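Comments concern the structure below.
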Amino acid sequence: MGLRENIARVRAQLDQAARAAGRDPSEITLLAATKTQGPEAIRAAIQAGVTVCGENRVQELAAHLDEGAYGGAQVHFIGHLQTNKVKYVVGRVALIHSVSSDKLLRAIAAQADRLGLVQDILLEVNLAGEASKSGFAPESAPDAARLAARLGGVRLRGLMCIPPRAVRPGDNLPYFQKLRRLAVDITREMLDNSIDMDVLSMGMSGDYTDAVAAGSTCVRVGSALFGPRPPMSSTHD
Ligand SMILES: *Cc1c(COP(=O)(O)O)cnc(C)c1O
């Protein structure tokens with residue numbers, strides 16, 4: 001199937017999952033995870049109705065920005081980000097999904113301050129405690145949210161997770177529900193800081209309908225749109 005058909009099919013499934021959960025389909029953003037895709041594929045996706053692209057790697061982000069590949073769409077950063085590379089990302093993307101440590105949070109805030117802007121961010125939460133993945137432990141996410149609220153330069157918009165790969169439908173539902181509860185708890189705790197978390201970034205090609213059932217507002221979908229990816233040399237920069 002072609003890109004256009006894939007986008008239409010995924011969007012229809014998202015809309016159906018939203019309605020089944022009593023939600024308004026317009027609350028759910030379909031972010032196209034564009035890693036390994038070239039500028040032509042990105043432009044084609046935007047032509048076919050994609051409104052948000054998500055990049056994993058600083059190098060690909062920089063190249064695609066230079067090529068003007070995102071014309072007409074927003075770009076978000078969703079990959080592992082090293083502190084020494086924040087200068088290539090802050091102020092160039094609408095939202096950074098993958099803020100995974102206090103150190104990175106402070107570095108993003110400092111760079112935003114230098115540029116005189118406010119960077120929208122999400123905190124990445126490592127729900128399953130996987131050693132191979134970045135992110136705050138669920139117990140330390142509230143402290144990270146308080147830190148974000150204190151720092152100028154960043155606006156905390158919500159939470160993000162990358163649970164283990166789902167084998168069967170429903171496998172990741174408990175993780176998604178956990179992230180949602182965590183977001184609700186943090187928001188409740190931080191009312192005095194007027195933190196308004198309205199983004200839950202969860203759900204990928206294998207589990208996006210479960211994520212929507214659990215309250216996702218942004219699913220990050222790659223292979224279900226673009227087809228299988230060639231193996232990457234590394235998942236990190
Ligand atoms: C690659 C990637 C996705 C999309 O993965 P698919 O399984 O291809 O849909 C989503 N989120 C992040 C952070 C990714 O790196």
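Start at 1 with the first residue, then count along the sequence. Only a predicted model underlies this, so the values are computations on that prediction, with no experimental measurement involved. Note that ligands are numbered from 1 as they come in the structure, with each ligand's atoms numbered from 1 the same way.
For atom 4 (C) of ligand 1, the candidate residues are H80, R220, M160, M202; the nearest heavy-atom contact is made by R220.
Listed by number with element, the atoms of ligand 1 under 4.0 angstrom from any heavy atom of K35 are 1 (C), 2 (C), 3 (C), 14 (C), 15 (O). Listed by atom number, the atoms of ligand 1 under 4.0 Å from I162 heavy atoms are 13 (C). Those atoms of ligand 1 that come under 4.0 Å of a heavy atom in A33, given as number and element, are 3 (C), 4 (C). Taking every non-hydrogen atom of S223 and a distance limit under 4.0 Å, the qualifying atoms of ligand 1 come out as 6 (P), 7 (O), 8 (O), 9 (O). Residue V221 has at least one heavy-atom neighbour below 4.0 Å for each of these atoms of ligand 1: 9 (O). Counting the atoms of ligand 1 from 1 in the order shown, those under 4.0 Å from a heavy atom of S205 are 6 (P), 7 (O), 8 (O), 9 (O).
Contact check on R11 versus D15 returns a salt bridge, with a Lys/Arg side-chain nitrogen under 4.0 Å from an Asp/Glu carboxylate oxygen. The pair E124-K133 does not count as a salt bridge, with every side-chain nitrogen at least 4.0 angstrom from each carboxylate oxygen.
At a heavy-atom distance under 4.0 Å, only side-chain atoms of N56, from C-beta outward, approach ligand 1.
Within the structure, the closest approach of H97 to ligand 1 does not fall below 4.0 Å when heavy atoms are considered.
Looking at R57 and H80, their side chains never come closer than 4.5 Å, going by heavy atoms from C-beta outward.
Rounding to the nearest 0.5 Å gives a distance of 5.5 Å between CG of L225 and CD1 of I7.
Judged by distance alone, the side chains of E55 and H64 do bring a donor and an acceptor atom under 3.5 Å apart.
Hydrophobic clustering keeps L127 apart from M204 (ILVMFWY residues linked when any side-chain heavy atoms are closer than 4.5 Å, directly or through intermediates). A chain of hydrophobic side-chain contacts below 4.5 Å, direct or via other Ile, Leu, Val, Met, Phe, Trp or Tyr residues, connects V75 to I121.
Here's the thing with G222: one of its N/O atoms is less than 3.5 angstrom from an N/O atom of ligand 1.
When only non-hydrogen protein atoms are considered, atom 5 (O) of ligand 1 lies nearest to M204 CE, 3.4 Å. In terms of protein heavy-atom proximity, atom 13 (C) of ligand 1 is closest to I78 O, 3.4 Å.
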Let me see the working for S201 and R220 under side chain to side chain donor-acceptor pair (under 3.5 Å), right down to the final yes or no.
CA-CA 7 Å; S201 169; R220 309 177 310 269; 2.9 Å; yes
